[in-house]
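Here is the structure we will look at.
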Amino acid sequence: MTGEEQSQPAAGTSVGQQLRQARGKLGLNVSDIANLQHLRPSVIQAIEAGDYSKVDTELFLKGYVRTYARQVGLDADALIRTLDSELEPLRQRRVQEQQSNPLIDIERKKKRKRQFAKLTLLLVFVAVVGFLVYDHFLKPGPGQVTPAADIPEEASAPLVDESVPGEDIPAETGVSSASIAEAPVVSPEPGVVAENTDTAPSAISQEPALAEREMAVGGEATEPAEPLTTDTEVAVVTQSESVAQENLPGLVRLEMNFSNDCWVQVTDADGKRLVSALRRDGDALDVQGRAPLRVVVGAMNAVESLRFEGESMDLGSFRVVNNRSEFTLEP
């Protein structure tokens with residue numbers, strides 16, 4: 001019989017029978033085939049008997065059959081196709097066993113639960129991380145600085161000291177704002193510059209004497225006895241300058257210089273808003289109020305210097321978030 005006749009498998013025979021017949025024609029025994037593949041003889045016997053369950057996996061089984069076919073001179077591809085048709089009932093039986101096995105069904109349910117729990121934990125973790133990022137970096141803080149485009153019209157007005165001169169005049173002086181306004185204007189000596197003499201204490205002290213003279217003649221106004229002397233005028237100028245240079249009693253002083261546009265707000269201990277405006281490059285701020293002063297700075301890098309009670313403050317010592325700082329100053 002020629003080699004071509006040996007390579008043609010018999011029709012209707014199983015893979016194991018074809019391999020066994022080809023081995024017998026070559027005069028080989030099971031041990032010879034097993035030794036060539038480095039397998040146990042029981043594995044070769046199981047393949048020839050069609051007991052494919054003795055082999056661990058279908059992949060290994062096809063590898064053994066393909067090598068066996070080459071050893072005995074058979075067509076390996078044709079045997080593999082026949083083997084696939086023989087393995088199909090075995091595959092279906094294994095699927096049915098797995099579906100009917102309650103332990104496998106329980107394990108499948110446990111696997112689904114574990115996957116669902118992992119997905120839930122992942123979503124919770126992502127939500128927590130997102131909240132922390134928003135709370136620490138994206139959430140606007142209290143008193144968030146308004147963008148320059150949304151600054152109200154009142155913010156663009158120049159800074160005006162809200163304290164009205166003469167507002168804190170003691171009641172026992174008996175002098176009204178109208179009487180102060182009607183006081184005669186004093187002309188200082190040549191070479192002496194008088195600044196802000198409207199509220200000078202010396203000018204105010206002259207009003208009670210004038211009022212007494214007016215009331216002395218049946219309530220009719222009389223001419224002032226004589227104008228203020230030159231010495232009094234000089235005293236008014238000197239005292240006015242000293243008030244402008246020194247801090248008012250019971251108040252603290254804050255001075256700031258700016259090198260760029262910056263929104264700033266200063267509030268004193270009484271909740272009175274001393275400053276709430278936009279400062280430009282080169283502007284300066286000088287306010288006084290009751291301590292402690294609460295300061296909100298919209299652009300900390302625009303502050304060139306900061307002095308409190310005459311002492312320079314270290315700008316790096318303030319806590320800054322997104323170039324915005326909020327702090328309290330007290331002696």
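Index from 1, following the sequence. Since we're looking at a predicted model, the values are computed, not measured.
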> Passes side-chain contact (heavy atoms from CB on, under 4.5 Å), Lys118 versus Gln115? Steps please.
Replying inline: CA-CA 5 Å; Lys118 290 179 180 179; Gln115 292 176 349; 5.8 Å; no

Would you find more than 12 non-hydrogen atoms of other residues, nucleotides or ligands less than 6.0 Å from [X] atom [atom1]?
| X | atom1 | answer |
| --- | --- | --- |
| Arg40 | CZ | no |
| Arg114 | CZ | yes |
| Arg290 | CZ | no |

Quick check: does any side chain N or O of [X] sit under 3.5 Å from a backbone N or O of [Y], one acting as donor and the other as acceptor?
| X | Y | answer |
| --- | --- | --- |
| Asn322 | Arg324 | no |
| Asp32 | Asn29 | yes |
| Asn323 | Asn301 | yes |
| Gln18 | Leu79 | no |

Tell me whether [Y] is reachable from [X] by hopping between hydrophobic residues (I, L, V, M, F, W, Y) whose side-chain heavy atoms are closer than 4.5 Å.
| X | Y | value |
| --- | --- | --- |
| Leu59 | Tyr52 | no |
| Leu28 | Ile47 | yes |
| Val65 | Leu36 | no |
| Phe137 | Val129 | yes |
| Phe318 | Val321 | no |

Quick check: do [X] and [Y] have side-chain heavy atoms less than 4.5 Å from each other?
| X | Y | value |
| --- | --- | --- |
| Arg294 | Val266 | no |
| Gln37 | Gln71 | yes |
| Val303 | Phe258 | yes |
| Leu274 | Leu293 | yes |
| Glu58 | Asp84 | yes |
| Val297 | Phe327 | yes |
| Val252 | Glu330 | no |
| Val30 | Glu48 | yes |

Looking at every non-hydrogen atom in both residues, tell me the closest pair between [X] and [Y] and how far apart they are.
| X | Y | answer |
| --- | --- | --- |
| Asp286 | Arg253 | OD2-NH2, 2.7 Å |
| Val72 | Leu26 | CA-CD1, 3.5 Å |
| Ala302 | Asp261 | CB-O, 3.7 Å |
| Val320 | Ser325 | CG2-CB, 4.1 Å |
| Ala291 | Pro331 | CB-CD, 3.6 Å |
| Leu61 | Val55 | N-CG1, 3.7 Å |

> When you look at Leu306 and Leu254, which way does the side-chain contact (heavy atoms from CB on, under 4.5 Å) test go after all the steps?
Replying inline: CA-CA 8 Å; Leu306 189 150; Leu254 172 63; 4.0 Å; yes

Atom pair [atom1] ([X]) and [atom2] ([Y]), whose distance is rounded to the nearest 0.5 Å:
| X | Y | atom1 | atom2 | answer |
| --- | --- | --- | --- | --- |
| Lys25 | Gln21 | NZ | CD | 6.0 Å |
| Leu278 | Gln265 | CG | CD | 13.0 Å |
| Lys113 | Lys110 | NZ | NZ | 8.5 Å |
| Ile44 | Lys54 | CD1 | NZ | 13.0 Å |
| Glu255 | Glu311 | CD | CD | 11.5 Å |
| Gln288 | Asp268 | CD | CG | 11.5 Å |

>> So if I apply the side chain to side chain contact (heavy atoms under 4.5 Å, CB included) rule between Val264 and each of Val287, Val296, Leu285, which one comes out positive?
In response: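 Passing option: Leu285.
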
>> Looking only at the side chains, is there a donor atom on one of Arg307 and Ser312 sitting less than 3.5 Å from an acceptor on the other?
In response: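 Checked: Arg307/Ser312 side chains pair up, N/O donor to acceptor below 3.5 Å.
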
